[in-house]
Amino acid sequence: MLGMCRGRRKFLAASLALLFIPALTWLYLSVGSFQVKPLPLSPLEAQSSTPVGGAGERQALELRVRAVEEENRALRRELSRPPRSPSARLPSGGHRGNQNRTHSEEGTGDNEGQKAAAVGNSSDCVHQPAVDKCETIHVAIVCAGYNASRDVVTLVKSVLFHRRNPLHFHFITDSIAQQILSSLFHTWMVPAVRVDFYDADELKSEVSWIPNKHYSGIYGLMKLVLTKTLPSDLQRVIVLDTDITFATDIAELWAVFHKFKGQQVLGLVENQSDWYLGNLWKNHRPWPALGRGFNTGVILLLLDRLRKLRWEQMWRLTAERELMSMLSTSLADQDIFNAVIKQNPFLVHQLPCFWNVQLSDHTRSEKCYKDVSDLKVIHWNSPKKLRVKNKHVEFFRNLYLTFLEYDGNLLRRELFGCPSEADHNSENLQKTLSELDEDDPCYEFRRERFTVHRTHLYFLHYEYEPSSDSTDVTLVAQLSMDRKSVVQLEMANTKKALVVPAFETLRYRLSYPKSKAELLSQLDMGTLFTFRYHVWTKGHAPTNFAKWRTATTPYRVQWEADFEPYVMVRRDSPEYDRRFVGFGWNKVAHIMELDAQEYEFVVLPNAYMIHMPHAPSFDITKFRSNKQYRVCLKTLKEEFQQNMSRRYGFAALKYMTAENNS
């Protein structure tokens, strides 16, 4: 069927060509006054081509017509051959799914000539991928620090969203990024994903001798040493910057490897800015490059061939020679890659530019796509990132934000037919979940109690130095804290829950009060209100806001039904009950547990927090609109109170009584 499909396409192309050539010739002979520009034969040639006229114009058109005729004759010869059998199966890969293999020249996976297959009634022309179903795709990323660790998660989510193959990520990281990402992937538990880390600190000596002006610093040079860093039996890898967003299956890019010919070992997209042309400003002197140069945000590396070519020696000699006159790199590893390619152009296989649409200012990126379906990889390679100037930046920004905010837990999907390595944590979780009754109307609530949520440590930049007096405070939410209170109230030796009075505003813009006096002024003017006074007074009423207005020292309050203040407690205090997820009763249950364990509730006189308005959450919407949600919440409350009675006996009766009277 595939052979018939290809045959139809070739026959259609031949028919159009036979009609096109006489029409083109007639048009040229009839209208001699048209200005014709020779068609560029390659992206690099396009920059040097100029309009010609007269005899030059005639000669250029004749050459082009002859070229089309030759292509037509070649097409006729191809059509005269018997069709190839489409049933031949590609041999499976070896160790790590990454060994040398034979690929069909057709169905390459980069979709350059196959976009029409998804249009109209072309169900017979199904695209056959050039990558085996269970072949592992290897991806290498250099990532260091808090910000890069946050950015790389968005990249990973975009890759996981589209992927259909097992993935093996190779992260070259500093200690910060390794701690964050190892915890993230451990709790994420995505099937058919393997992660390895390589210590960037051990590689610094390899590149620290190279002065670099780029904002990426020393880590921006580490892609140069991947042949030495990655496992010696790893033969090919896709290398990505952290500011990349995928809009297609990464297997399509992996399939491009089989297009490499001869001594080609680097797959790169041409640089889409004028940087390497040297005309951006007066006395602008970039590193040497072939034409416009190449961008290293997306690289295909044939590691085994690079090692045989002595890549380490090649790039070092080139860098040493160029640094004698250039003194430093401006674009980190990209300058050195381009200098090597300038001397050895046979090393590079040029990728179509949609594999690296570069969104820096003043680029030619708009020439890489005509439609949304053309987009493959988006590269935010400007220091401005999402604030870059581009005609379609709103679309690109929305695509990025979609993956930024996408629930990564939804990407925990199995790859059917592809066995993955055993994960004992995942297996235990699946066993626990299988013991739940799926016919239980509250199954989703009970399931959430055991769900392991992925954890991103230190989402923002974080520096921690332990205090000498052991009175460190961890902010679970943004609060104003009075640490001298921690010492005076002897938190380390007593059971106390420090209550932070909560207020709210209905204004999206607020001049945050810098003192209690300013807060009271805004409270009197109606700019601020006590928290939820108009919908849920009981939640914070025991705080006694009237007393707080004039209080100068901490004061004690008693537990009451439905009390749910924001509190500061010791690290060893009871945790939240995990059965209460989403909206409703999570803080209420926690405060009830603290009271049962005889914690004192002490209100801080000079601390406060303000709740800002925001759109309703998904869970509160379900609570308001779904009767079953409210019924399940009531069931969970009753089960919690029964557990309290079993654990605390007679002392827990007051909670049952208070609930019945409320």
Side-chain angles (χ1 to χ4, degrees), residues 44 140-144 148 170 172 198 200 202-230 236-244 263-278 280 284-303 305-351 356 358 360 379 381-383:
L44 290 177
I141 303 171
V142 179
C143 180
H170 303 263
I172 295 85
Y198 308 83
E202 296 181 359
L203 305 176
K204 287 183 177 180
S205 60
E206 301 284 342
V207 293
S208 59
W209 57 274
I210 305 174
N212 179 28
K213 294 181 180 178
H214 194 258
Y215 61 84
S216 59
I218 193 171
Y219 299 101
L221 297 164
M222 290 189 175
K223 284 184 282 188
L224 293 165
V225 297
L226 289 180
T227 54
K228 191 174 182 179
T229 306
L230 298 176
R236 62 188 68 176
V237 68
I238 296 174
V239 186
L240 302 173
D241 280 356
T242 59
D243 53 0
I244 291 288
Q263 291 183 291
Q264 293 177 343
V265 291
L266 304 169
L268 293 164
V269 170
E270 185 183 49
N271 202 44
Q272 291 156 23
S273 75
D274 291 342
W275 178 267
Y276 288 108
L277 298 182
L280 293 184
H284 174 216
R285 186 170 171 239
W287 275 55
L290 188 66
R292 307 188 71 87
F294 294 91
N295 184 278
T296 57
V298 177
I299 316 177
L300 271 60
L301 289 184
L302 276 180
L303 297 170
R305 293 189 193 174
L306 279 167
R307 294 178 183 120
K308 291 176 183 177
L309 290 172
R310 298 183 179 179
W311 168 253
E312 285 286 322
Q313 182 180 4
M314 186 182 297
W315 75 258
R316 284 177 182 274
L317 290 175
T318 302
E320 289 172 357
R321 182 182 65 248
E322 297 300 333
L323 283 170
M324 293 178 66
S325 58
M326 299 302 298
L327 304 181
S328 67
T329 61
S330 296
L331 299 181
D333 66 87
Q334 183 168 301
D335 284 339
I336 299 176
F337 270 102
N338 275 288
V340 173
I341 293 170
K342 175 72 172 180
Q343 296 295 320
N344 308 277
F346 58 86
L347 295 177
V348 70
H349 174 88
Q350 184 168 336
L351 302 175
N356 186 351
Q358 300 150 38
S360 56
H379 186 187
N381 63 320
S382 167

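All of these numbers come straight from a predicted model, not from anything done at the bench.
Looking at heavy atoms from C-beta onward, L301 lies out of side-chain contact with V265 at the 4.5 angstrom threshold. At a threshold of 4.5 Å between non-hydrogen side-chain atoms, the residues V142 and V239 do not count as touching. The shortest distance between side-chain heavy atoms of I336 and I210 falls below 4.5 Å. A 4.5 Å side-chain heavy-atom check between Y276 and Q334 finds at least one atom pair inside the cut-off. A 4.5 Å side-chain heavy-atom check between L300 and R236 finds every atom pair outside the cut-off.
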Please tabulate, for side-chain N and O atoms in residues 324-333, each donor-acceptor pair with protein atoms closer than 3.5 Å (sequence neighbours left out).
from : atom 1 : to   : atom 2 : distance (Å)
S325 : OG     : E322 : O      : 3.2
T329 : OG1    : P211 : O      : 3.3
T329 : OG1    : N212 : OD1    : 2.8
D333 : OD1    : T296 : OG1    : 2.9

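Separation of atoms CD1 (I244) and CD1 (I141) is listed at 9.5 Å; rounding is to 0.5 Å. With rounding to the nearest 0.5 angstrom, the CG atom of N381 is 7.5 Å from the OG atom of S273. Distance check: L302 CG to Q263 CD gives 12.0 Å after rounding to the nearest 0.5 Å. Between L226 atom CG and I299 atom CD1 the span is 7.5 Å, to the nearest 0.5 Å.
Residues that satisfy the side-chain hydrogen bond (donor to acceptor under 3.5 Å, both in side chains) test with T318, not counting sequence neighbours, are absent from this structure. Listed by chain and residue number, R292 satisfy the side-chain hydrogen bond (donor to acceptor under 3.5 Å, both in side chains) test with D274 (two or more places apart in sequence, or in another chain). In this view, L317 and Q313, E320 satisfy the side chain to side chain contact (heavy atoms under 4.5 Å, CB included) rule, not counting sequence neighbours. Scored by the ring pair (Phe, Tyr, Trp, His ring centres under 6.0 Å) test, W275 finds W281, H284 as partners (sequence neighbours excluded). Not counting sequence neighbours, the partners of N356 by the side-chain hydrogen bond (donor to acceptor under 3.5 Å, both in side chains) test are N295, H379. Applying the side chain to side chain contact (heavy atoms under 4.5 Å, CB included) rule to T229 yields the partners I172, Y198, L203, V225; only residues at least two apart in sequence or on another chain are considered. Under the side chain to side chain contact (heavy atoms under 4.5 Å, CB included) criterion, E202 pairs with D199, not counting sequence neighbours. Scanning for side chain to side chain contact (heavy atoms under 4.5 Å, CB included) contacts around K204 gives D201, I218, Y219, M222, with sequence neighbours left out. Annotation: salt bridge (charged side-chain N to carboxylate O under 4.0 Å, His left out) contacts of R316 (sequence neighbours excluded): E206, E312.
Contact between G291 and L277 at its shortest, heavy atoms only, is O-CD2, 3.8 Å. In this structure, N344 and M314 approach most closely via the heavy-atom pair ND2-SD, 4.1 Å. Here the shortest heavy-atom pairing between C143 and T242 reads CB-CG2, 4.3 Å.
Residue pairs meeting the salt bridge (Lys or Arg N to Asp or Glu O under 4.0 Å) criterion with at least one member in residues 336-348: none, sequence neighbours excluded. Residue pairs satisfying the salt bridge (Lys or Arg N to Asp or Glu O under 4.0 Å) criterion with at least one member in residues 210-222, sequence neighbours excluded, are absent.
Centroid-to-centroid, the aromatic rings of F294 and W287 stay 6.0 Å apart or farther.
Between the side chain of R307 and the backbone N or O of T227, at least one donor-acceptor pair lies under 3.5 Å. In terms of modelled atom types and a separation under 3.5 Å, the side chain of Q264 and the main chain of H349 share no donor-acceptor contact.
The neighbour count for R321 CZ, taken as heavy atoms of other residues, nucleotides or ligands under 6.0 Å away, is above 12.
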